[in-house]
Undergrad: 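I'd like to ask you about the structure that follows.
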Amino acid sequence: MIRVTKEFIKTHNFKFDGLTFPQDITQKSYRPIDGTKLPPSANEHMNTLRKKFATIFTTK
């Protein structure tokens, strides 16, 4: 059994088996269009949390 080491990888002559994978040269980008619902921002979450804390503090 052959041990695969860094030295083996450097010195071994590997054969090409014919498998190829398509090269995706186009970049994917996402730009929201009008009407796209985005998740709430961190600031919106903080405002909601502040309101909930204020309600809890006034009732307790």
Side-chain angles (χ1 to χ4, degrees):
M1 181 172 196
I2 298 173
R3 292 192 59 161
V4 178
T5 62
K6 288 181 184 179
E7 189 63 34
F8 174 78
I9 292 173
K10 287 179 187 176
T11 58
H12 187 72
N13 188 14
F14 293 96
K15 293 181 184 177
F16 177 68
D17 62 1
L19 291 177
T20 58
F21 299 96
Q23 295 292 328
D24 187 13
I25 57 173
T26 60
Q27 291 183 348
K28 305 273 191 267
S29 65
Y30 175 76
R31 293 190 178 131
I33 57 174
D34 290 338
T36 302
K37 300 236 179 196
L38 297 176
S41 68
N43 287 337
E44 290 171 335
H45 280 298
M46 288 299 292
N47 290 337
T48 304
L49 186 60
R50 280 190 193 107
K51 289 176 186 175
K52 288 182 180 181
F53 275 133
T55 304
I56 291 170
F57 292 148
T58 56
T59 59
K60 301 289 176 177

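For the single chain, residues carry numbers from 1 onward in sequence order. Computed from a predicted structure; not experimentally measured.
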Undergrad: Do you know the tightest heavy-atom contact between T59 and I56?
TA: OG1-O, 3.1 Å
Undergrad: Take a 6.0 Å sphere around CD1 of I2 and say whether it holds more than 12 heavy atoms from other residues, nucleotides or ligands.
TA: no
Undergrad: Give the ring-plane orientation class for H12 versus F14, where under 30° counts as parallel, over 60° as perpendicular and anything between as tilted.
TA: perpendicular
Undergrad: Within the supplied structure, the quantity of interest is the number of heavy atoms (other residues, nucleotides, ligands) at a distance under 6.0 Å from D34 CG; does it exceed 12?
TA: no
Undergrad: Say you draw a straight line from CE of M46 to CZ of F53; how long is it, rounded to the nearest 0.5 Å?
TA: 8.5 Å
Undergrad: Would you mind telling me which of H45, R50, E44 makes a side chain to side chain donor-acceptor pair (under 3.5 Å) with N47?
TA: R50
